[in-house]
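Notes for the one structure printed next.
Order of the sequence lines fixes the chain letters, A, B, ..., with proteins taken first and strands second; residue numbering starts at 1 for each chain. Nothing here was measured: the structure is a model prediction, and the numbers come from that model.
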Number of protein chains: 2
Amino acid sequence: MATTRSARAQRLENVALELFASQGFDETTVDELAVAGGVGRRTFFRYFPTKLDVVLGELDDGLAALVGALADQPGDDPVAAARAAFLAINHYAAAELPALRRRLGLIEDVPELAARATVRYRDWESALAADAAGRWGDDAGSLRAQVFGRAVVASMRAVFSAWHARPEADADALGALVEEAFDALSRGFASP
Amino acid sequence: MATTRSARAQRLENVALELFASQGFDETTVDELAVAGGVGRRTFFRYFPTKLDVVLGELDDGLAALVGALADQPGDDPVAAARAAFLAINHYAAAELPALRRRLGLIEDVPELAARATVRYRDWESALAADAAGRWGDDAGSLRAQVFGRAVVASMRAVFSAWHARPEADADALGALVEEAFDALSRGFASP
DNA sequence: CGGTAAGCGGCACTCGGTGCCACCGCCAGA
DNA sequence: TCTGGCGGTGGCACCGAGTGCCGCTTACCG
């Protein structure tokens, strides 16, 4: 339970991302992944419920981190709490950035992956909405809180997309984009 | 080209939604849909590239309508323009509401459909971002415009979700929710 | 009336995903 | 040491979505 994932799954994942990068996601069959990972096809599906999950798997860890980080934030301003939580989550070591880039690239331009990813984000949206409703004193289903939750996640997608579009952006640039997005959300989009 | 869809496709679609409602989306095979529509399986796939498209097909029409409505809006305030555009688009006749409800229900709770729908919404996001960048005088890739586009679509999803959750909400209620969501986006989420 | 093109649909195939089951290695307990 | 679970493995057969191919009908046009 302390081990987030077995060593074998890790190996499988690395080999798979390698193949996806070299020949494309759709062009790589599960059979190839299994063979390349030295494992039976059936076993592959025990580690990853779906071919998509090889790429998306870690998003769930991200959700857990988000929930935890949100809970750590004080105050009654959901924007400030969400901003701090996302900044806290998105601390990547320089060594992790290439892998992050590859993942984001896949998610960005394989429609199937983009689709599945946004479904995963639903839980993020709910978590943010619930947190905001709590801080505002709204009831759980409040439209404002729902809009907030979804808008925040949408903004973070925009941030990742913008960051990924700049080939040499580093971890600090990511933080700056997060700040910028939250500024916009906080201030609103009305013309002055 | 004037005819948005052939009569046969329309029949196919009605029969399919009927079956989805009565026995569920996943539990209905394309074979059944073809048989029920009095058409060959192969032909079914000529009308709908995917089983999902039976439910989602009309979203593309919605995009065209959105783009048109946005172009009709004057002024340099993207929020006002988007608000007016969405209000213009979402005029449903009372007779259409039950069908809309069924569609939304399916999209809401069949994950596969929710996933595919959000991919379709990418084009909406882009259209809104481009429009906003134009009105603000930002360049096309501006983060603020990207965030705006995505936040608007996210809000509209929240609106449809909220509307669908209230069984007896009518067309006016939908408009009111749209207003409320845009108010929040316009004002921003900062605490006073 | 003959020819041609477009829509139709059957057939066979690929690929992702699942249920079933046999097998292997490990660890208890007698 | 033998024996009986038990978890992980992976082969096999199957299902459903989606696609390419090809032969057929039908309707339109010279």
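- Judged as a salt bridge (Lys or Arg N to Asp or Glu O under 4.0 Å), the pairs with a partner in residues 148-158 of chain A (not counting sequence neighbours) are, in order, Arg157(A)-Glu125(B).
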Under 3.5 Å, which donor-acceptor pairs link side chains of residues 162-173 of chain A to any protein atom two or more places apart or in another chain?
from	atom 1	to	atom 2	distance (Å)
Trp163(A)	NE1	Asp170(A)	O	2.9
Asp170(A)	OD1	Asp172(A)	N	3.3
Asp170(A)	OD1	Ala173(A)	N	3.0

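- Judged as a salt bridge (charged side-chain N to carboxylate O under 4.0 Å, His left out), and not counting sequence neighbours, the contacts of Arg102(A) are Glu18(A).
- The OH atom of Tyr47(A) sits 12 Å away from the C1' atom of dG10(D) (whole-angstrom rounding).
- Ring orientation note: the planes of Trp124(A) and Tyr121(A) are nearly perpendicular, at an angle over 60° on the 30°/60° scale.
- The aromatic rings of Phe86(A) and Phe182(A) lie tilted to each other, with the angle between the two planes from 30° to 60°.
- Under the side chain to side chain donor-acceptor pair (under 3.5 Å) criterion, Glu112(A) pairs with Arg116(B), sequence neighbours left out.
- Phe44(A) comes within contact range of no nucleotide atom at all, as no heavy-atom separation falls under 4.0 Å.
- Thr50(A) has no side-chain polar atom (N or O) that falls below the 4.0 Å cut-off from OP1 or OP2 of dG16(C).
- Without hydrogens or angle criteria, Arg11(B) side chain to Gly37(B) main chain gives a donor-acceptor distance under 3.5 Å.
- For Arg8(B) and dT26(D), the CZ to C1' distance is 12 Å, given to the nearest whole Å.
- Atom CG in Leu12(B) sits about 13 Å away from atom C1' in dC8(C), given to the nearest Å.
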- [ ] Assign a letter to each nucleotide of nucleotides 19-25 of chain D from its 5' end: B, base within under 4.0 Å of a protein heavy atom; S, sugar-phosphate only; -, no contact.
- [x] BBB----
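- Residues of residues 20-31 of chain A having a heavy atom closer than 4.0 Å to DNA chain C, listed by number: Thr28(A), Thr29(A), Val30(A).
- Rounded to a whole Å, the NZ atom of Lys51(A) is 14 Å from the P atom of dT18(C).
- In this structure, Leu59(A) CG and Ile107(A) CD1 are separated by 5.5 Å, a value rounded to the nearest 0.5 Å.
- Arg103(A) contributes a side-chain N or O that, together with a main-chain N or O of Val55(A), makes up a donor-acceptor pair within less than 3.5 Å.
- Of the residues near DNA chain C, Thr43(B) and Leu52(A), the one whose nearest nucleotide (by heavy atom distance) lies more toward the 5' end is Thr43(B).
- Distance CG (Leu33(A)) to P (dG10(D)): 15 Å, rounded to an integer number of Å.
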